Amino acid sequence: MRAPTFVLVIALHLLSAGPASGAGSVPDSSATIRPDTWTDHDGRPILEPAFHEPSYWGQQFREGFIEPLSHSFDIPDQLLDISEAFGADPDREAVNVNAFDEAPNSSWFTNRNHVRAVSLAEIRKGPGDPLEPARPWTVTKAKQSGRTRGFQIKDADGKKWLVKLDPAGFPQLGSGADLISRTLLHAAGYNVPHNVPVAFTRTDLTVDPKLMQGKEDKFGEAELDSLLAGGARLNDGRYSAFASQFLSGSVVGPPSMRHRRKDDPNDRFSHQHRRELRGLRVLCAWLNSWDMKDQNFLDVFVETADTLGHVDHYVLDVGASLGAAAAGSKKPWNGFEHTVDFKWSMRRLVSLGFVEEPWRKADQTTGIPSAGNFESAVYQPDNFRTLVPNAAFREMTDRDGYWGAKLVASFSDAQIQAAVEAVGYEDPRATDYLIRTIIHRRDKTARFYFDRVAPLDFFEVRDGSLRFHDLAVDVGLAEPRTYEVRIDPDGSGATTRMKLGAPLLSIDNLGAGADRLALELSITGSGAKPARVELTRKGSEWIITRVRHG
Amino acid sequence: MISSSGRPRRPRFRQIFPTTLFFLVLTASTFDCQAARSQEARFGDSTWVAPQADSLANAPPIDAPGPRVAERDSERSWETVLRTPFRLVFLPFRLLARGLEFGVANVGGRFVEPKAPKPTYGPRFGVRFEINDVLTGLQDVGVGPAVAWAPQPDLKFRASAVASIRDRRHVLIRGTFQDHRPMSLFLDGDYDYRPDRSFFGIGNDTEKEDRAFYRLEDTRLDGSLRIGAHPNRRARLVVGYSGMSPGPGYHRDPPLNEVYPPGTVPYGETATQCLMVGAGADLATLDDPLSPSKGLHARGEARRYMGLGANDPDYNLWLLEGRAYLPVFASRRVLVFRSAWIGVDPSDESREFPFYRLVSSERSFRFPGYSTQRFRDRQLMLGQLEYRWSVSHRLGAFLLYQAGAVAPDVNDFHLGDTHISYGGGLRMGRAEAEAIRLEIANSVEGVHATLRFRTDF
């Protein structure tokens with residue numbers, strides 16, 4: 001390609017809308033579109049995509065520095081922001097929601113707890129089989145990426161695992177946080193790897209002779225001892241860690257939180273516009289999972305027939321959550337500020353350092369090594385910040401936030417207790433504190449979003465009535481209350497209003513002769529955005545054809 | 001109504017009943033709601049099953065043939081229309097951003113999070129760049145080879161040679177043995193040939209307009225025994241050689257001899273060579289070596305220079321410096337006091353002293369509001385007050401006020417003659433006792449900006 005042509009191609013690429021460009025290599029036009037589907041069939045057989053891992057530092061620089069800076073100077077962005085003050089709603093809603101405002105099952109997400117409560121036994125067991133790496137373990141490689149100390153092993157059954165040590169002085173801190181967050185994220189619907197907290201002794205380990213003979217990166221018994229010296233020990237002297245089983249399938253690299261994978265024809269929605277990735281922000285705020293960069297997600301190609309298969313998308317690493325960080329308790333500002341946080345930096349600069357950030361007001365020190373720095377009193381879900389801005393989180397709208405809060409609110413006290421108790425903390429203070437704090441944060445998260453978007457959900461037509469749940473009332477965040485409904489038969493614009501004393505509306509006598517009913521339901525006296533429901537007559541019955549929250 | 005677990009209690013039946021009764025009367029449509037609800041599971045309970053659960057339970061797997069939920073997404077048309085003109089106009093910036101991203105992607109990690117160096121390695125060759133006078137306009141750039149070598153775990157060498165477009169020739173040799181150990185040896189060689197150094201005369205009242213340029217060939221080789229592992233708590237015994245050879249400058253006008261006729265500048269075209277012995281120490285007690293908020297730091301240095309030839313001067317060079325850090329109600333806000341006194345003291349007061357060996361307002365002793373850094377004499381004093389505060393996790397800002405002066409003797413310092421600078425800037429701790437500083441300071445000569453990559457203040 002000659003230079004001018006090359007420059008032209010680059011320029012055209014840059015001129016195009018970034019997120020929307022980068023179409024798949026194979027057109028995906030054969031699938032029919034069904035907005036009411038509960039399964040988005042994005043696992044159709046494809047050839048294995050190429051492995052692609054973006055530069056860690058390049059991605060950090062772009063998301064943490066270039067993107068916020070360019071947004072500040074982007075005139076159309078500013079115009080759209082200003083237009084919001086005049087009542088416009090320029091924000092782009094998630095594109096992969098179905099007619100019922102839900103994210104259908106896909107290779108990213110499976111509807112679980114908010115649709116059917118996951119049993120306490122399943123929560124305690126976690127995803128997958130209750131499998132632990134069989135001893136003895138052979139160390140096959142020292143862990144080279146990330147900040148956590150660890151190594152790769154092959155267990156007695158020949159299975160490959162990654163072992164991450166808890167930092168010295170903080171037994172069960174990282175492994176506990178990982179297990180709790182991973183269990184709850186999986187129960188919420190996300191794909192997660194099989195991780196188990198493990199305790200082992202030095203005699204459980206041997207070093208692969210091949211590793212000891214390496215010329216460049218020689219790793220022997222002495223190096224292993226040195227590595228273990230930085231690891232935490234339990235009261236009985238065993239090392240505290242967690243083991244993550246290698247995912248079955250072929251790793252094809254971390255997905256971008258911004259763009260779709262170009263060589264996966266199934267991947268048709270820009271990731272930043274996916275509901276489950278936008279809504280994940282709310283779950284991460286709840287669990288204080290503050291390091292949700294692209295590299296903490298992973299795509300795995302799963303072969304289903306011959307050489308064909310599909311890509312599954314995993315939330316890979318949530319060890320940096322609750323009060324944990326790789327080297328010990330998280331820093332006070334983790335979860336409150338980005339590494340480069342222009343907003344807070346400017347406030348500090350202008351105030352000569354006298355502004356007091358929320359994380360300084362928060363009493364985060366628990367004094368419990370296994371719990372780290374974690375609190376709920378100052379926590380506000382909208383103040384949550386990941387270490388590096390996440391493109392999908394940044395695009396989150398109120399509707400996405402409500403959906404995420406619905407997932408958070410779906411967890412009962414008992415489920416949270418089961419997830420925390422599954423860790424088996426040696427220090428009973430950690431169990432009590434974490435259960436209490438996670439529950440409190442759940443309630444604050446739900447209350448925040450339910451105040452913005454009316455939590456009227458799970459609509460069904462039964463016995464001639466439209467029934468729904470007021471989630472805030474169901475979970476005990478609000479007293480029973482009244483509702484207002486605006487009815488627009490046939491979409492003619494001629495509306496009638498009604499008051500409801502309970503989440504139930506008789507529709508037999510409504511819209512007589514009409515084939516369609518549009519309802520707007522709100523909570524009396526609340527500023528929360530209403531829920532909108534559309535019903536269509538099918539024979540003698542009404543069926544729900546569309547739901548939108550907010 | 002909050003339970004002991006933190007979750008609000010569910011409303012009791014006794015509280016609900018009157019309200020429910022009222023609404024039963026009010027709305028006929030809710031006639032059977034309580035009965036229905038009492039049988040329904042509540043969202044958030046461990047037994048919750050949504051009405052849609054059956055649809056989901058019967059949903060086919062994702063890899064089965066079936067529909068997609070929506071069309072491939074693309075940018076909204078009106079948004080494309082709105083954004084395209086701006087994309088065209090700002091294309092150069094986007095290209096620049098992508099270029100920067102590419103650069104950071106490939107070399108960023110090396111600087112932000114350098115890998116722990118391997119204990120030994122053979123000679124590694126690279127390239128060294130030097131850029132001079134960045135903020136006053138890119139006036140000089142240089143490039144040359146560099147090599148690093150660690151034949152033993154505690155023995156390391158670095159060397160580089162740079163030639164610039166303005167004929168600056170700079171050779172650096174560094175050797176360390178047992179660095180960061182309680183006792184270490186350092187070898188420090190520096191050959192710096194520069195044809196466009198500025199000279200404005202000697203004294204505290206020199207004028208910007210009296211600028212002339214001279215050439216200086218500065219050769220220095222020091223060896224030191226250092227006692228103490230950390231730069232902030234370390235004593236030094238130093239021996240060395242210093243050779244300096246001046247002459248009229250070139251590449252920039254006017255040369256020294258046109259403004260200052262021969263004989264008016266001491267040693268204007270005469271080279272000198274000296275041997276040196278000395279001792280010094282840094283003694284600090286600081287809460288944080290990168291961005292201290294509390295503590296004291298004292299520094300002292302005494303050196304004896306002995307001329308090798310009959311014309312070469314014998315003199316002492318000494319330095320006294322003190323710093324104090326005081327938090328302002330919190331460690332992120334700090335008041336910093338600094339005072340420094342540096343001087344040269346010739347053994348034979350009756351003889352002239354080479355102008356290029358006088359102390360001047362350069363490097364650590366610069367007057368930030370003055371662009372020329374022209375003040376040069378036998379002694380220099382400065383006092384500085386800074387208010388520093390944290391802006392980001394490693395980045396700080398500061399306001400500064402500085403008074404500085406040069407004089408031939410300590411009795412010649414007068415408060416009214418001091419050069420005042422005031423301003424502010426940004427500071428980022430970089431290495432164990434080094435920082436990058438961007439200073440923007442004002443003085444009677446206007447506003448001046450300086451970017452310093454390696455400062456210990």
Side-chain angles (χ1 to χ4, degrees), chain A residues 14-15 17 20 31-34 37-43 55 57-58 61-62 66 75-76 95-96 98 104-107 111 115-117 268-270 273 304 310 345 348-349 352-353 409-410 412-414 436 439-440 443 458 460 469 471 474-477 479-480 500-502 504-506, chain B residues 5-11 16 19 23-24 26-27 29-30 33 42-53 55-56 59-60 62-75 80 82-83 86-88 91 94-95 97 101 104-105 108-109 112 332-333 389-393 397:
Chain A
L14 289 167
L15 278 171
T32 54
I33 306 299
R34 285 278 305 272
T37 185
W38 280 95
T39 302
D40 185 27
H41 292 265
D42 63 348
S55 156
W57 290 109
F61 179 69
R62 179 175 186 173
I66 294 288
I75 296 167
V95 290
N96 69 319
N98 65 13
N105 291 353
S106 68
S107 57
N111 286 278
V115 176
R116 186 189 296 272
R268 58 163 54 185
F269 309 120
S270 301
H273 297 314
T304 49
H310 68 269
S345 295
R348 282 187 285 260
L349 184 69
L352 303 183
S410 73
S412 66
D413 292 3
R436 202 167 60 241
I439 287 173
H440 192 205
D443 291 341
F458 300 110
E460 65 171 327
H469 286 257
L471 306 190
D474 273 15
V475 300
L477 293 174
E479 302 279 349
L500 304 180
L504 184 142
L505 170 68
S506 175
Chain B
S5 69
R7 188 164 198 165
R9 285 194 188 118
R10 300 191 191 291
I16 300 170
T19 317
F23 285 114
L24 279 170
L26 181 75
T27 313
S29 63
T30 62
C33 68
R42 283 167 174 267
F43 175 78
D45 280 351
S46 298
T47 53
W48 163 251
V49 179
Q52 293 81 3
S55 304
L56 272 160
I62 58 165
D63 53 357
R68 299 298 304 267
V69 70
E71 295 283 2
R72 181 185 297 277
D73 71 311
S74 57
E75 191 174 64
T80 305
L82 173 68
R83 291 186 185 278
F86 295 99
R87 286 186 178 134
L88 276 170
L91 181 62
R94 295 188 80 180
L95 286 169
E101 184 186 337
V104 171
V112 180
R332 62 184 186 276
R333 298 182 293 262
W389 71 99
S390 168
V391 169
S392 187
H393 311 301

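Just so it is clear, the structure is predicted and the values come from calculations on it, not from any experiment. The chains referred to below are lettered A, B, ... by the order of the sequence lines, with proteins before strands, and numbering in each begins at 1.
A salt bridge is absent between B/E71 and A/R34; no separation between the charged side-chain nitrogens and carboxylate oxygens falls under 4.0 Å.
When heavy atoms are compared at a cutoff of 4.5 Å, A/T304 approaches chain B solely by way of its side chain, counted from C-beta outward. For chain A, the nearby part of B/T47 is the backbone; its heavy atoms alone come within less than 4.5 Å. Looking at B/R333, the atoms closer than 4.5 Å to chain A (heavy atoms on both sides) all sit in the side chain, from C-beta outward. Heavy atoms closer than 4.5 Å to chain B are found in the side chain of A/I66, but not in its backbone.
Atoms CZ and CH2, from A/R348 and B/W389 in turn, are 12.5 Å apart once rounded to the nearest 0.5 Å. Taking OG of B/S74 as the reference point, atom CZ of A/R268 lies at 11.5 Å (rounded to 0.5 Å). The OG atom of A/S410 sits 10.0 Å away from atom CH2 of B/W48, with the distance rounded to the nearest 0.5 Å. A/S106 contributes atom OG, which lies 8.5 Å from atom CZ of B/R68 (distance to the nearest 0.5 angstrom).
Ranking A/S55, A/A414, A/G58 against chain B, the residue ahead of the rest is A/G58, based on heavy-atom pairs under 4.5 Å. Between chain A and the residues B/V69, B/D63, B/V104, the most heavy-atom pairs under 4.5 angstrom are made by B/V69. By number of non-hydrogen pairs under 4.5 angstrom with chain A, the leading residue of B/A397, B/A59, B/G66 is B/G66. Of the listed residues (A/N96, A/T37, A/N111, A/L349), the greatest number of heavy-atom pairs within a distance under 4.5 Å of chain B belongs to A/L349.
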- Query: Are A/E460 and B/Q52 close enough, and set up right, to give a side chain to side chain contact (heavy atoms under 4.5 Å, CB included), and what steps lead you there?
  - Reply: CA-CA 8 Å; A/E460 65 171 327; B/Q52 293 81 3; 5.8 Å; no

